[in-house]
Protein chains: 2
Amino acid sequence: MLEAAIDFVDRFGIGELSMRKLGASLQVEGMALYRYVRSRDELLDAMVDRLLDQLYADPEVLLRPEDDWQAFLRRVAGGIRRMALEHPQIFPLIATRHRAAPWIRPPLRSLRWIEGFLAALLSRGFSEDAAVYTYRAFGSFLVGHLLLEVSAEGVDPVTAAVDPGSASADGASLDLSAFPTLTRLADRLAVEDLSEEFEHSLGNLLERLEEARARLA
Amino acid sequence: MLEAAIDFVDRFGIGELSMRKLGASLQVEGMALYRYVRSRDELLDAMVDRLLDQLYADPEVLLRPEDDWQAFLRRVAGGIRRMALEHPQIFPLIATRHRAAPWIRPPLRSLRWIEGFLAALLSRGFSEDAAVYTYRAFGSFLVGHLLLEVSAEGVDPVTAAVDPGSASADGASLDLSAFPTLTRLADRLAVEDLSEEFEHSLGNLLERLEEARARLA
DNA sequence: ACCTGAACACCGTTCAAGT
DNA sequence: ACCTGAACACCGTTCAAGT
């Protein structure tokens, strides 16, 4: 049923998710869902938790004996990015929904994840300060880069379904005539390879984290 | 009326914003609002635009003759952060709402802002490539750091109003006993000064941007 | 020019009643 | 144990009608 909710949102977007419609997709009246979940709000939280748990179980993000910390961070970053792109409608929830404590930093927002992440760093020789510093910087990095990426491609299916003709999302129709610098740079702005940008920025982050690690050793 | 909507959301949260209630706060039936706005959705977009326009008019974020590019970026970063903290309920919209073109990167997401930002960098000797690179990196940085900050303090007023007793947002009540590393690092995790972290990370970003600027000169 | 009232098709949620 | 039907208090949105 959680899976059904995730599928539903992936397909139609969060705006379309109602208890009644989700029920219908399960051949049941919407009211029946209250057997499994206390409210729609709790359902959204449960979806977020589920995705995080799924990712945690992904062997690709597991710390391997031969991994140094940088390899591990690349592994996790790749896994989170894959998840974000697979569920572009849900990732914003991971970034923005209320957290149980202020020190929980999206997108690694389950206790299990934070535990595993910090333990991995400590096992690779990080000081406690350096591990915490890295946890924070890594989270902000991922949110900053991935939220953007999913909301870029995330043509809100609600609008798209209602009015399939208005897909001017490429911005070709934007009137830049009042903005000379924008006009001048339009070609350069249009060229973006977000995969490449992500890898490049991740490389930068790892360098910066290495400096911090040494400083906080 | 836009102002009223922004006030309303600042006070009660976006979940509480309905056309009828916003109307009531203006001594009018909700249906009257459709004179000024085509839909609730458009209203949210208009609120986002308004905040960005307000910020654009803030003399604190204006490029000054004596500013080098780093001073300018600090100015803008400070202004955006102030805005985010003043409107923690609205900032997530700035980060996540549908954009007119994929190269528009939150939070500097109005054409006016992008124009001004890029022109300022060019005026300080940036190459076109370096200016675009900086625009992108700066946006991701701000979203990554500020979204976090506003959703940390953003005790969702919807929930809070209904159930003022459940304010366990400090996480003191979280059961960490199954997570030894978390338990060990709990004290360190709890200590966070997000202002300081923001300034520190901004400093890092400026260094990295200086390298990129030189490389892309 | 601006607002209201009634209406329509939806919501989330509760709860007694069914099987 | 699990689901349904009816009900309640809401939504966004349209539109004819009022002033």
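The model shown is predicted, which means the values in this text are computed figures rather than measured ones. We use all heavy atoms of the structure for the numbers below, so side chains are in, but hydrogens, waters and symmetry mates are not. All chains are named by letter (A, B, ...) in the order of the sequence lines, taking the proteins before the strands, and each is independently numbered beginning at 1.
- Listed by first then second residue, pairs satisfying ring pair (Phe, Tyr, Trp, His ring centres under 6.0 Å) with a partner in residues 14-49 of chain B number zero, not counting sequence neighbours.
- Side chain of A/Glu42 to main chain of A/Arg38: a donor-acceptor pair is present (N/O by atom type, distance under 3.5 Å, no hydrogens or angles).
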So which protein N/O to nucleotides 3-6 of chain D N/O distances come out below 3.5 Å?
from	atom 1	to	atom 2	distance (Å)
D/dC3	OP2	A/Tyr36	OH	2.8
D/dT4	OP2	A/Glu29	N	2.7

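- For A/Arg40 and D/dC10, the CZ to P distance is 18 Å, given to the nearest whole Å.
- The side chain of A/Lys21 contributes no N or O atom lying less than 4.0 Å from OP1 or OP2 of C/dC10.
- Between the C1' atom of D/dC11 and the CG atom of B/Asp41 lies a distance of 14 Å, rounded to the nearest Å.
- The side chain to side chain contact (heavy atoms under 4.5 Å, CB included) check on A/Ala190 picks up nothing, with sequence neighbours excluded.
- To the nearest angstrom, C1' of D/dG12 lies 14 Å from CD of B/Glu42.
- As a whole-Å value, the separation of A/Leu33 CG from C/dT14 C1' is 14 Å.
- Between A/Trp113 and A/Tyr56, the ring planes lie perpendicular to each other; the angle is over 60°, past the 30° to 60° tilted range.
- Here side-chain hydrogen bond (donor to acceptor under 3.5 Å, both in side chains) pairs that include residues 130-139 of chain A, with residues two or more places apart or in two chains, are A/Tyr133-B/His200.
- Residues passing the side chain to side chain donor-acceptor pair (under 3.5 Å) test with B/Arg50, sequence neighbours excluded: B/Glu3.
- Among the nucleotides C/dC11, D/dT13, C/dT14, the one closest to any side-chain atom of B/Ser39 is D/dT13.
- Listed by first then second residue, pairs satisfying side-chain hydrogen bond (donor to acceptor under 3.5 Å, both in side chains) with a partner in residues 176-191 of chain A read A/Asp175-A/Ser177, A/Thr181-B/Glu115, A/Arg184-B/Glu128, A/Arg188-B/Glu128, A/Arg188-B/Asp129, not counting sequence neighbours.
- If you check D/dT13, D/dC11, C/dG12 against the side chain of A/Ser18, the one that comes closest is C/dG12.
- For the strand DNA chain C, secondary-structure stems (runs of at least three Watson-Crick or G-U pairs, all distances below 3.5 Å) span C:4-8 with D:12-16, C:12-16 with D:4-8.
- Summarising the geometry, the separation between CZ on B/Phe12 and P on D/dC11 is reported as 13 Å, rounded to the nearest angstrom.
- In this structure, the side chain to side chain contact (heavy atoms under 4.5 Å, CB included) partners of A/Pro106, at least two apart in sequence or on a different chain, are A/Arg99, A/Val143, B/Leu148.
- Annotation: ring pair (Phe, Tyr, Trp, His ring centres under 6.0 Å) contacts of A/Phe198 (sequence neighbours excluded): A/Phe141.
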